[in-house]
There are 2 protein chains.
Amino acid sequence: MGIPKREVSSTASSRIYDTLRQDLINGRFTAGEKIAISALKERYEIGLSPLREALNRLAAHGLLIQENQRGFRVPSMERSELDDIAEMRRELEGMALERAIRLGDAEWESELLAAAHRLKRADMAPDKVEEWEHFHACFHRTLVAPCGSAWLLRFIAQLHDQFDRYRRMAPEAPEVRRVLDAQHGELVELALERDIKSARALMDDHIQRSYQVALQGVLSPA
Amino acid sequence: MGIPKREVSSTASSRIYDTLRQDLINGRFTAGEKIAISALKERYEIGLSPLREALNRLAAHGLLIQENQRGFRVPSMERSELDDIAEMRRELEGMALERAIRLGDAEWESELLAAAHRLKRADMAPDKVEEWEHFHACFHRTLVAPCGSAWLLRFIAQLHDQFDRYRRMAPEAPEVRRVLDAQHGELVELALERDIKSARALMDDHIQRSYQVALQGVLSPA
DNA sequence: TAATGAAGAAAAATCGATTGTTTGGTCTAG
DNA sequence: CTAGACCAAACAATCGATTTTTCTTCATTA
């Protein structure tokens, strides 16, 4: 058979980009921290060039701050910024959901049901969080996917990354979590019924509640 | 005295990034073209590393397409994409203008008048286009600046880059240009009068007309 | 004692060269 | 004559070393 040269066929840049993106969203770096490039180089066992390329991309996406001649730093976490991100999510995801319900076809309905089911069945045990997060992101992506605007989807994805960075920092809130999980199912129902107005209202509420949870991460000292 | 080592204090990466961004927006590269990195290296007299970092940033901003293991290419220009960009501009800039009129203070009014005046006085002679474009971008940026959302401003700036790429490809349309220029002044008036509804409607019309102009660039064989 | 400036150390930016992958052409077997 | 495998040239990705810049510390002077 022959040993495959690479686990996944991608460049070192792309791989380290994905890894760092995850680690940044997961809060493995402390907010405001200065990035020591040579330290990362050893920590992730990667060359300088692909690392620098990844850092540049992350900065362009807003997950890092690039200071001319002074390297990179992890963005600080401010309540005002979370407010901004949440408000933008409400506006853009509401807009996208409305269009998706208008434009989505039967295939979309199937995929939406599948994504919702995967999310529902996913375990939230501590060691399975990554998996749950993946299904959660997929669900929200599928929900708005057929909105017809590649740029809208791009912006929403960017906001999700930013929002998740705050949410994952926050302490768990099991009772709110249950409500949020239930809302995922309700969103599917409203989408299938093509009830635009109600769906948008529910999405607004969903994001607002998530925001309340995430807010605890900024307010609490941790 | 001693020769200053650098005109401006910035890195080679940042300088080549700005240059390439301008050149991409100005259509100095043909749409769909494959980027020959070593050719750029010589053309701009720059090292590989800063060049690659700039290309990575541009790809993250959507001004280049990055294909795994196959370098970069200039995005193709499709009518459907221009439609998307224009529609998003209408939505986001409308939203931003509304908020700016709500939140803008006296200082904003002054800056807005100044920006509008600079734009009005700017020459559109062929060799002064760059200057006019600069003032034009500044004006639109100032108009929505106090909207209170850093992310909204970021998205709008990104859309402007994309839109301008199409607009600059289009043939000149002097009679429409006159209308568009007049609208800049009217936008200022409505903003100072805090007439949100009319301002938003005018902004919609302004973008729609610009879109009609830009559309000629995609339709015409040029 | 505080402020200023210079030297040294640390870190980022950049370069030149090497390694690995893709592509397009050519040759051979069916 | 066609399909598939192989080879070589071109190009992208990556590495290690060098240069440049910034930050820190310490001595000097007002």
Side-chain angles (χ1 to χ4, degrees), chain A residues 1-21 23-24 29-30 32-76, chain B residues 1-21 23-24 29-30 32-76:
Chain A
M1 52 182 181
I3 298 159
K5 291 174 187 172
R6 292 232 173 111
E7 284 288 330
V8 288
S9 163
S10 70
T11 64
S13 293
S14 301
R15 265 173 297 144
I16 190 63
Y17 172 84
D18 288 332
T19 308
L20 285 174
R21 176 171 160 272
D23 288 358
L24 281 164
F29 297 87
T30 53
E33 173 187 5
K34 188 159 155 354
I35 294 286
I37 300 186
S38 53
L40 286 197
K41 175 180 120 90
E42 296 187 10
R43 177 166 156 194
Y44 292 99
E45 294 178 318
I46 195 108
L48 270 179
S49 305
L51 181 55
R52 285 190 63 82
E53 287 177 18
L55 293 176
N56 271 282
R57 275 201 257 172
L58 287 165
H61 269 287
L63 280 168
L64 283 177
I65 309 287
Q66 187 165 24
E67 286 165 318
N68 237 346
Q69 231 104 31
R70 269 187 246 178
F72 300 84
R73 43 176 56 258
V74 182
S76 58
Chain B
M1 56 179 182
I3 299 158
K5 290 175 187 169
R6 292 234 171 112
E7 285 286 329
V8 290
S9 161
S10 70
T11 62
S13 293
S14 302
R15 266 174 296 143
I16 190 64
Y17 172 83
D18 288 332
T19 307
L20 283 175
R21 175 171 161 274
D23 288 357
L24 280 165
F29 297 87
T30 53
E33 175 187 4
K34 190 160 154 352
I35 294 285
I37 299 187
S38 53
L40 286 197
K41 175 179 120 91
E42 297 188 9
R43 176 166 156 193
Y44 292 99
E45 292 178 321
I46 194 106
L48 270 179
S49 305
L51 182 55
R52 285 192 62 82
E53 286 178 19
L55 293 176
N56 271 281
R57 275 202 258 173
L58 288 165
H61 270 286
L63 280 168
L64 283 178
I65 309 289
Q66 189 166 24
E67 287 166 316
N68 238 346
Q69 232 102 32
R70 269 187 248 179
F72 301 83
R73 42 176 57 259
V74 181
S76 57

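Of the residues in residues 32-41 of chain B, not one places a heavy atom less than 4.0 Å from an atom of DNA chain C.
Per the geometry, CD belonging to B/E53 stands 7 Å off P belonging to C/dA13, to the nearest Å. In this structure, A/I46 atom CD1 and D/dG16 atom P are separated by 12 Å, rounded to whole Å. In this structure, A/L48 atom CG and D/dT19 atom C1' are separated by 14 Å, rounded to whole Å. The interatomic distance linking A/E45 (CD) with D/dT14 (C1') rounds to 16 Å, in whole Å. A straight line from CD of A/Q69 to P of D/dT22 spans 5 Å, rounded to a whole angstrom. Rounded to an integer number of Å, the gap from A/R15 CZ to C/dG20 C1' is 13 Å. For the pair B/L51 CG and C/dA13 C1', the computed distance is 14 Å after rounding to whole Å. Between the CG atom of B/N68 and the P atom of D/dA13 there is a distance of 8 Å, given to the nearest Å.
Contacts of B/S76 classified as side-chain hydrogen bond (donor to acceptor under 3.5 Å, both in side chains), with partners at least two apart in sequence or in another chain: B/E78. A/R73 meets the side-chain contact (heavy atoms from CB on, under 4.5 Å) test with A/K34, A/I65, A/E67; sequence neighbours excluded. Among residues two or more places apart in sequence or in another chain, the salt bridge (charged side-chain N to carboxylate O under 4.0 Å, His left out) test is passed with B/R57 by none. For A/D23, the side-chain hydrogen bond (donor to acceptor under 3.5 Å, both in side chains) partners at least two apart in sequence or on another chain are A/R28, A/Y44.
Applying the salt bridge (Lys or Arg N to Asp or Glu O under 4.0 Å) definition to pairs two or more places apart or across chains, none involves residues 36-49 of chain A.
You'll find that the side chain of A/F72 is closest to C/dA13, out of C/dA13, C/dT14, D/dA13. Here the nucleotide nearest the side chain of B/R52, chosen from D/dT14, C/dT21, D/dC15, is D/dT14.
Here the CZ atom belonging to A/F29 is positioned 8.0 Å from the CG atom belonging to A/L64, to the nearest 0.5 angstrom.
Of the side-chain N and O atoms in A/R70, one or more sit less than 4.0 angstrom from OP1 or OP2 of D/dC23. In this model, the phosphate group of C/dT14 is approached by a side-chain N or O of B/S13 to a distance below 4.0 Å at OP1 or OP2.
With B/T30 contributing its side chain and B/E33 its backbone, the two residues share no donor-acceptor pair below 3.5 Å.
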